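Being a predicted model, the structure only gives us computed values, none of them experimental. Counting begins at 1 with the first residue of the sequence.
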Amino acid sequence: MKKYYKPFWSYDAKKTENWLQIMALQGYFLEDIRPLKRLFIFQEGNDSQVIHYHIAYDKTKKHLFSNTLQYNGWRAVCHKGSWCILQNKRHTKDLKAFPIRDGIIKRNRKLLYFYIGLFIYLFLTTILFFTLISITVFFYNDTLTFSPMSFWLAVSVTSIILWLLTMYSAVRLYQTNKKFL
């Protein structure tokens, strides 16, 4: 059994599906996922196979599949929470039906709006901070002194990480949804 940690796997479902397919070609077959921990658990097999994976997101948690999908060989490998990963062992040329991506598109859009809102908040907070510093220094001829406490270092590192995470997430979600539409 092998475990892999993929922190941003849900941002780009196609890339994750391709990675799962490569793992199957290497002889590792998906057994389970733990979405909250961002873990993929694989069982090692004796032979490699061409397996097509498809990631679905369904808030209703029913994961009902049409007869057409079942007839075309799609079956659920695992589902946790709202996530479901399907697999199909048929050749690419024989695949005629695929599950729809509406759930992932809606989820990504909501996350994108959240990160855009967070970006606007961070931007306005940063502008306010530098405006107050400028007013203090230029209009009151005062000097700023920062104590050498680790508090300022912690705040600076946290804000840089939050800025980077926000920008990365927003760009990645936008690009992924653009590919799906």
Side-chain angles (χ1 to χ4, degrees), residues 1-119 161-181:
M1 181 169 20
K2 261 193 169 182
K3 295 180 182 181
Y4 286 93
Y5 176 72
K6 300 283 253 182
F8 299 107
W9 70 271
S10 64
Y11 287 3
D12 194 346
K14 283 188 179 201
K15 184 177 177 182
T16 305
E17 291 166 357
N18 292 337
W19 173 72
L20 291 171
Q21 189 172 3
I22 290 169
M23 292 298 290
L25 288 172
Q26 294 174 355
Y28 294 100
F29 304 103
L30 184 66
E31 185 178 290
D32 197 14
I33 59 168
R34 295 194 181 129
L36 294 177
K37 293 181 180 181
R38 312 285 195 241
L39 283 178
F40 286 80
I41 301 168
F42 293 90
Q43 189 67 37
E44 189 171 0
N46 295 332
D47 58 341
S48 63
Q49 293 181 356
V50 176
I51 298 176
H52 299 282
Y53 286 97
H54 186 87
I55 298 173
Y57 184 82
D58 184 14
K59 285 213 61 126
T60 62
K61 298 181 184 177
K62 293 180 183 176
H63 300 295
L64 298 176
F65 307 113
S66 68
N67 291 334
T68 306
L69 290 177
Q70 292 175 2
Y71 176 75
N72 280 293
W74 290 102
R75 71 173 190 86
V77 177
C78 57
H79 50 90
K80 296 285 175 141
S82 299
W83 293 101
C84 182
I85 298 184
L86 307 166
Q87 77 174 11
N88 196 324
K89 294 183 180 180
R90 292 185 179 180
H91 293 288
T92 307
K93 63 181 180 185
D94 296 333
L95 294 177
K96 296 184 178 18
F98 293 91
I100 57 173
R101 300 250 189 218
D102 288 347
I104 291 178
I105 292 170
K106 287 178 185 176
R107 176 191 172 273
N108 284 356
R109 189 175 297 137
K110 286 179 185 177
L111 281 175
L112 177 64
Y113 293 153
F114 168 77
Y115 283 115
I116 288 173
L118 183 60
F119 177 79
I161 290 172
L162 198 55
W163 268 97
L164 292 174
L165 177 68
T166 301
M167 288 188 289
Y168 172 79
S169 297
V171 169
R172 190 58 145 165
L173 289 166
Y174 176 76
Q175 289 173 342
T176 300
N177 268 6
K178 193 174 177 182
K179 280 193 280 187
F180 285 150
L181 297 175

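Nearest heavy atom pair, residue Val77 against residue Leu86, reads CG2-C, 4.2 Å. Shown here for Cys78 and Leu30, the closest heavy-atom pair between the two residues is SG-CD2, 4.1 Å. For the pair Trp74 and Tyr53, the tightest heavy-atom approach, listed with the atom from each and the gap, is CZ3-C, 4.4 Å. Looking at every heavy atom in both residues, Leu162 comes nearest to Leu118 through CD1-CD2, 4.4 Å.
Atom CG in Asn108 sits 11.5 Å away from atom OH in Tyr113 (nearest 0.5 Å). Atom CD1 in Ile116 sits 11.5 Å away from atom OG in Ser169 (nearest 0.5 Å). One distance of note links NZ of Lys6 with CG of Leu39; it measures 12.0 Å at 0.5 Å rounding. Here NE2 of His79 is found 11.0 Å from CD1 of Ile85. Values are rounded to the nearest 0.5 Å.
Applying the salt bridge (charged side-chain N to carboxylate O under 4.0 Å, His left out) test to residues at least two apart or on different chains, none of the pairs has a partner in residues 103-112. Judged as a salt bridge (charged side-chain N to carboxylate O under 4.0 Å, His left out), the pairs with a partner in residues 8-28 (not counting sequence neighbours) are, in order, Asp12-Arg172, Asp12-Lys179, Glu17-Arg101. Residue pairs that meet the salt bridge (charged side-chain N to carboxylate O under 4.0 Å, His left out) test with at least one member in residues 18-45, sequence neighbours left out, are Asp32-Lys80.
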Checking Phe40 against Trp83 for the ring pair (Phe, Tyr, Trp, His ring centres under 6.0 Å) test, could you report, in this order, the C-alpha distance in whole Å, the side-chain angles of both residues, the deciding distance, and whether it holds?
CA-CA 13 Å; Phe40 286 80; Trp83 293 101; 9.7 Å; no
TODO: Carefully, step by step, assess Tyr4 and Tyr28 under the rule ring pair (Phe, Tyr, Trp, His ring centres under 6.0 Å).
DONE: CA-CA 11 Å; Tyr4 286 93; Tyr28 294 100; 7.2 Å; no
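Considering only heavy atoms from C-beta on, Leu173 stays 4.5 Å or farther from Asn177 through its side chain.
When the side chain to side chain donor-acceptor pair (under 3.5 Å) test is applied to Thr176, no partner is found at least two apart in sequence or on another chain. For Val50, the side-chain contact (heavy atoms from CB on, under 4.5 Å) partners are Gln21, Leu25, His52, not counting sequence neighbours. The side chain to side chain donor-acceptor pair (under 3.5 Å) test applied to Tyr115 returns Tyr11, not counting sequence neighbours.
The number of heavy atoms from other shown groups lying within 6.0 Å of OH (Tyr174) does not exceed 12.
Distance alone, capped at 3.5 Å, is enough to place a donor-acceptor pair between the Thr16 side chain and the Trp9 backbone.
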